[in-house]
Structures are given as C-alpha cells and as structure tokens.
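Please read all numbers here as calculations on a predicted model, not as lab measurements.
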Amino acid sequence: NSNQLVSHRPLGGHESLVKRFAQIRTAEELLKFISQYGPLESTIARDTSVRSGLDAARQFRDILSCKSKGPKKVAAVFEAQARKNRETPRTVEKFVGKVSIIPDISRGTRLRLTTDSLLNAIWWELNQKLAGETIFRICRQCGNPFEAGPGGDARADATFCCAEHSVLFH
C-alpha cells in the first residue's frame, strides 16, 4: 500500500513454502503470506494482482494433488496449466532462474539457484518436492495438501492433515 520497500528473507530457516503457498484460497490469506514472506514477484513487477496470486496458489494445489497419481498425471496437469497461461508458445517450460555450481567445503560442490522472485523460488521448491520421494495427500476435511510418510507431517496412509481434522470429519 505504499512505496516503502521492506526487506525479507523468505527462504531462510522456514519449512516448505510450497505447502504454505498452496493452502492460500482467499485474498486475505494471500496478503498475510506476502506480509510474512515478501512480494511474490520481483520489484520490477511488484504490481502482481490478487487474482494472479490466487491462480498460482490453485496451480500449486492442483499439481500437488496429482503427485500420488504418478508422474504422467503431474506432467499432464503442468502442461495443461502452462498452455492455458500461454507461458511459451512452442514448448511447455517454466523459467525459474539461473542455476550455478559453487564450491562447498562439506560436499565439494553444490547447486545455487538465483531467481528474481519469490514465486519462482517456490516453483523451484515445488519441483524439488515432486522429484523426490515425498508423498503429498489432500486433507479430506480442509482440502489442503500435506506431506505424508517419512519426513512428512503424517503417516504414509494418512488422509487428514492433522488429528483435529479427522475428528471434525467423522
């Protein structure tokens, strides 16, 4: 609401922003997310509309809900979304930033992503989650995605994101 810029370190020490971003359904939730983590787009394109932010959150939910159905379903949904949004006319790809190999004293080398926006960094994190063994489920009560199985928020066979939602549902 002003021209004053506020410094943010959105990815420093936080758990998965993918999950938090995918849970956004209202303009108020989007504003709270942006207030906590910073603008979705770079300072060059700061005037991102509420509608485009909510559309992006819905895209994340749709893709995460397909994870348990296999890579072909994820690819089909991603491709349909990209074509609908006309990201690129000939190919279906999402540019998220520049990847560099840098020295790391504990591993030798590591990859570093440089991106111009928080939204692109969250797209990178989504890809990392989809490429890994993480199991995503959609809560039967609230409809939000949650991580299940080893390293997740719940058991591998869970159908609710938390015990409270299981109780409410039943």
Side-chain angles (χ1 to χ4, degrees), residues 5-24 29-30 32-46 48 52-53 55-82 85 87-88 90-139 144-162:
L5 297 178
V6 179
S7 176
H8 292 277
R9 289 191 46 90
L11 302 178
H14 294 288
E15 62 181 61
S16 173
L17 288 186
V18 168
K19 193 171 49 175
R20 290 182 186 199
F21 185 68
Q23 293 174 351
I24 295 172
E29 292 171 342
L30 181 61
K32 183 178 177 183
F33 183 89
I34 290 170
S35 296
Q36 186 171 4
Y37 300 109
L40 293 177
E41 296 294 337
S42 67
T43 55
I44 297 167
R46 264 197 344 245
T48 303
S52 67
D55 285 347
R58 181 193 41 76
Q59 288 178 328
F60 278 64
R61 273 193 309 279
D62 292 347
I63 290 172
L64 288 173
S65 70
C66 296
K67 172 79 160 93
S68 63
K69 297 173 184 157
K72 286 183 183 178
K73 182 68 174 174
V74 171
V77 169
F78 179 79
E79 182 176 5
Q81 288 177 350
N85 295 333
E87 303 250 349
T88 54
R90 287 175 289 228
T91 62
V92 178
E93 59 185 36
K94 177 84 176 144
F95 177 79
V96 295
K98 182 177 90 174
V99 177
S100 305
I101 300 172
I102 62 170
D104 183 300
I105 59 171
S106 63
R107 293 181 282 199
T109 62
R110 67 180 170 91
L111 295 178
R112 176 177 63 190
L113 170 72
T114 307
T115 183
D116 66 349
S117 74
L118 175 60
L119 187 56
N120 283 341
I122 299 172
W123 274 107
W124 173 267
E125 184 185 351
L126 173 68
N127 183 65
Q128 296 296 97
K129 295 281 186 183
L130 293 173
E133 296 299 318
T134 304
I135 300 168
F136 278 95
R137 302 223 190 275
I138 303 300
C139 178
N144 285 330
F146 66 95
E147 294 180 50
D153 303 327
R155 294 185 342 225
D157 62 346
T159 57
F160 298 96
C161 64
C162 61

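Under a 3.5 Å cut-off, the side chain of E125 and the backbone N or O of L17 do form a donor-acceptor pair. Using modelled atom types, one side-chain atom of T115 and one backbone atom of V96 make a donor-acceptor pair closer than 3.5 Å. Under a 3.5 Å cut-off, the side chain of R61 and the backbone N or O of P145 do not form any donor-acceptor pair.
Summarising the local packing, CD1 of I102 is surrounded by more than 12 heavy atoms from other residues, nucleotides or ligands at distances under 6.0 Å.
In this structure R112 satisfies the salt bridge (charged side-chain N to carboxylate O under 4.0 Å, His left out) test with no other residue, sequence neighbours excluded. With sequence neighbours left out, the salt bridge (charged side-chain N to carboxylate O under 4.0 Å, His left out) criterion links D62 to R58. With sequence neighbours excluded, the residues satisfying side chain to side chain contact (heavy atoms under 4.5 Å, CB included) with C139 are Q141, C142, F146, F160, C161, H165. For K67, there are no salt bridge (charged side-chain N to carboxylate O under 4.0 Å, His left out) partners, not counting sequence neighbours. For N144, the side-chain hydrogen bond (donor to acceptor under 3.5 Å, both in side chains) test picks out R25, with sequence neighbours left out.
Counting only residues at least two apart or on different chains, the ring pair (Phe, Tyr, Trp, His ring centres under 6.0 Å) pairs with a member in residues 56-76 are F21-F60, F60-W123.
In summary, E147 and R137 do not engage in a salt bridge, as defined by a charged side-chain N under 4.0 Å from a carboxylate O.
Distance check: K73 NZ to I63 CD1 gives 12.0 Å after rounding to the nearest 0.5 Å. Rounded to the nearest 0.5 angstrom, L111 CG and D104 CG are separated by 10.5 Å.
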